[in-house]
Amino acid sequence: SGSGSGSGSGTSARSFLKAPAGRSRSDDGGQQQRHRSRYRGPARHSAESSGESTATGRNQQPSPLHCSGRRLSPVGADALQVREGQADAAAAAARAQKEEAEREKRREEARSITFFEYSAFDEEALLAALITNLDARVLDFKLFPAYGLYFVVRHCQRAFAQDNLNSLLLKIATLLKMALSAAQASQDLASQAFWMANATEFVMVVRADDTLASLHSAEAQLLITEGVQEVFSSIVQEIKLRLEPALPAVLFEGGVLGSPTRHTTTAAVMNVNFIIESLDAAFSVLAGCMTSELIVQQLFASVFHYIGAQLFNEFVADHDHHMFQSMRGLVLRFNLTRLLDWATTHHLPNVEVHMRHITQAALLLQCNKSSLLHLDDICTACPILNSVQLGHILRHYHLGPDEDRIPPTLIDCVVARAMNVADRKAQDDESVGCKVQLLRNPHFILPFRLSGSFHMNSGLLDIKLIRTIKQQMLELDLDGGDKGRQNSSHTSITASDPAQKRSSAEAEEWASLANIETVGARRKLNKLAAFFGLS
């Protein structure tokens, strides 16, 4: 029976492996083929499941991570990613090299026409037409003098001897210094901004031109730089005088709480909106004259240093100490945020650095000061305030209805910690004479740098702009009459850069800001209000 059982099982096994009746070997082969297709590689299986043809599946490249049906090891995948990164970097470097070659080609092409031919007998008249007798109000392109002067220098460099070039640079520097001084004496912010922008562009392009910087142009550069710095300081001073009577509104104007302004006699004009509108007007004048971005940033850094220091001094010098309340801190922070938001909108970096003292003083008013548990929070919120400033505010703080008395131990600990940290920083602060003191110095002069990018760096690559300026120079009246002014008023210089396009309405608006009479110091604020167009 054992052999029979074995024979029966073998027979049943063979019969199970046989193809059923009515099925051919080709059918069985097709079934096996379909069965094996379930275990094909991921790339080919996905191609077939998506309905693609067999030819398409054969042409499709498998994923690098699944070559030969096997997944790469982590080390292999990392090496592949490194090779791909190197290939991308090489491609980016090749593109950058190609773009640089194209820029160099455009630069050489533009430089070949960057000059204005003139005779030596017309040199004095040409400089007078570009500087002394130029009417800036009729110019659509505010940097016309800077470009024109550079074209004159380039021709002198090409056609005349080096002694002539050195003499020409000194003449230009002297005339630009005279134009800057005349604009400064007139207290005309539009005129000052116009000549400051042109003098800055000219001295920067001379520095950037290796063929000129290597010559004896240092004296001319120094003369122009001195004139630019004097006008820069004059503009900052005029903006300070404009803002000074309105600054107390930042401390006491309670727009966020709905409370009236403390200075009710001038509340209708001297408020936070007045400050923002004044800053807007000054920024528009500088931008309209195409002033260098770095110069604009430095100028408003000086203005905001003055605002921050002046506000802090008025804050701590409040004899009634009504400012030292929690709700006053809320009002102050709200108004300061408005000023800082304006600076952010106009892309002025690092302005908040000059407002740190008054901003942290406002934070201190709102900090919880009821126990030693809040020591770390107070010191973290006010790291820039020195021990004298912190002690003064905390000792004269007015408690609110729901506030607990400030423990004397907490005040002592805050002061002690500030002596170890903030006081050491104050000893390196040149704006306060490296001293630990209560007040700030609002009239500290920040470092002035004449560097960075400038308009002519890109403008001298614009061949259309160069040709248009040369055409307008041909229309200048070298006899000193009005012909050149009339012709220039009908000549519009445009370029591919949107910043160079100024409408006639904007030009008239900026020119109208120049009508300021110098009658006396007593009427200076009224004149500045008329200048800004906000009176």
Side-chain angles (χ1 to χ4, degrees), residues 247-248 250-252 301-340 343 350-400 403-444 446:
L247 289 181
V250 180
L251 300 175
F252 299 104
S302 298
V303 171
F304 272 89
H305 175 83
Y306 167 77
I307 293 174
Q310 188 72 10
L311 287 176
F312 185 81
N313 289 350
E314 294 195 22
F315 172 81
V316 297
D318 183 29
H319 299 292
D320 298 331
H321 306 302
H322 293 300
M323 278 302 304
F324 301 156
Q325 302 177 37
S326 179
M327 295 307 296
R328 286 287 113 196
L330 178 62
V331 172
L332 182 54
R333 287 183 63 190
F334 175 77
N335 292 332
L336 291 174
T337 300
R338 294 183 62 190
L339 297 179
L340 293 175
N350 302 325
V351 167
E352 65 278 358
V353 172
H354 305 289
M355 307 285 285
R356 287 182 301 178
H357 284 78
I358 186 63
T359 301
Q360 293 183 16
L363 287 173
L364 179 60
L365 296 180
Q366 292 192 282
C367 286
N368 192 330
K369 302 173 281 291
S370 59
S371 70
L372 280 173
L373 296 176
H374 305 291
L375 173 63
D376 292 338
D377 295 336
I378 294 173
C379 295
T380 302
C382 311
I384 201 68
L385 298 180
N386 62 41
S387 59
V388 177
Q389 295 162 347
L390 287 170
H392 177 80
I393 297 172
L394 292 175
R395 292 189 182 97
H396 295 93
Y397 183 78
H398 283 207
L399 297 175
E403 290 184 299
D404 298 330
R405 176 175 173 270
I406 302 177
T409 308
L410 174 62
I411 298 177
D412 294 338
C413 290
V414 170
V415 170
R417 188 174 293 188
M419 293 175 65
N420 291 329
V421 181
D423 287 7
R424 294 182 179 179
K425 295 180 181 179
Q427 293 174 358
D428 297 329
D429 189 355
E430 296 181 358
S431 65
V432 291
C434 301
K435 298 178 182 178
V436 179
Q437 59 186 29
L438 179 63
L439 299 179
R440 302 284 298 163
N441 179 13
H443 302 294
F444 176 72
L446 297 179

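We number each residue from 1, following the sequence as shown.
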Original post:
So which heavy atom on D376 is nearest to which on T380, and how close?
Top reply: O-OG1, 2.7 Å
**OP:** Please name the residue in the list N368, L385, I411, L364 that meets the side-chain contact (heavy atoms from CB on, under 4.5 Å) test with I378.
**Re:** L364
Original post:
What closest approach, in Å, do P248 and E314 show between heavy atoms, and which atom pair accounts for it?
Top reply: CG-OE1, 3.4 Å
Subject >> Any donor-acceptor pair under 3.5 Å from R356 side chain to V353 backbone >> reply: yes
Subject >> T359 OG1 to H354 NE2 distance, which is reported to the nearest 0.5 Å >> reply: 12.0 Å
Original post:
Where the side chain of Q360 meets the backbone of I384, is there a donor-acceptor pair that is under 3.5 Å apart?
Top reply: yes
Original post:
Are the side chain of N386 and the backbone of Q437 linked by a donor-acceptor contact shorter than 3.5 Å?
Top reply: yes
Original post:
Which heavy atom of V250 sits nearest a heavy atom of L332, and at what distance?
Top reply: O-CD1, 3.7 Å
Subject >> Check: C382 and Q389 side chains under 4.5 Å, non-hydrogen atoms >> reply: no
Subject >> Audit row: F252, M323, side chain to side chain contact (heavy atoms under 4.5 Å, CB included) steps and yes/no >> reply: CA-CA 8 Å; F252 299 104; M323 278 302 304; 3.6 Å; yes
Original post:
Looking at CD1 of I307 and CD1 of I358, how far apart are the two atoms once the value is rounded to the nearest 0.5 Å?
Top reply: 12.0 Å
**OP:** Would you check if P442 and F312 make a side-chain contact, meaning some heavy-atom pair closer than 4.5 Å?
**Re:** no
Subject >> CA sep, side-chain torsions, deciding dist, call: D429, R440, side chain to side chain contact (heavy atoms under 4.5 Å, CB included) >> reply: CA-CA 10 Å; D429 189 355; R440 302 284 298 163; 3.0 Å; yes
**OP:** Would you name the heavy atoms of A422 and P383 that are closest together and state the gap between them?
**Re:** CB-O, 3.6 Å
**OP:** Answer yes or no: is there a side-chain heavy-atom contact under 4.5 Å between R417 and L390?
**Re:** no
Original post:
Does I393 reach the side chain of L365, with side-chain heavy atoms less than 4.5 Å apart?
Top reply: yes
**OP:** In sequence, state the C-alpha distance, the side-chain angles, and the governing distance for R333 and L336, and then conclude on side chain to side chain contact (heavy atoms under 4.5 Å, CB included).
**Re:** CA-CA 5 Å; R333 287 183 63 190; L336 291 174; 5.6 Å; no
Original post:
Are the ring centres of H392 and F315 closer than 6.0 Å?
Top reply: no
**OP:** Quick one: pull up CG in D412 and CG in L394 and give me the separation to the nearest 0.5 Å.
**Re:** 10.5 Å
**OP:** May I ask you to decide if S387's main-chain N or O and D423's side chain share a donor-acceptor pair within less than 3.5 Å?
**Re:** yes
Subject >> Heavy-atom side-chain contact between P407 and L372 under 4.5 Å >> reply: no
Original post:
Between CG of L251 and CD of Q310, what distance do you get to the nearest 0.5 Å?
Top reply: 9.5 Å
Original post:
Hey, does V432 have a side-chain heavy atom less than 4.5 Å from the side chain of F444?
Top reply: no
**OP:** Measure the acute angle between the ring planes of H396 and F324, then classify it against the limits of 30° and 60° as parallel, tilted or perpendicular.
**Re:** tilted
**OP:** Kindly give the heavy-atom pair with the smallest separation between D428 and C434, and that separation in Å.
**Re:** C-SG, 4.2 Å
**OP:** To the nearest 0.5 Å, tell me how far N441 CG sits from S431 OG.
**Re:** 6.5 Å
Original post:
If you measure from CE on M355 to CG on L311, what distance do you get to the nearest 0.5 Å?
Top reply: 6.0 Å
**OP:** Work out which heavy atom in E403 is nearest to a heavy atom in L399; give both atom names and the distance.
**Re:** OE1-C, 3.6 Å
Subject >> Candidate pair K369 and L410, rule side chain to side chain contact (heavy atoms under 4.5 Å, CB included), full reasoning >> reply: CA-CA 8 Å; K369 302 173 281 291; L410 174 62; 4.2 Å; yes
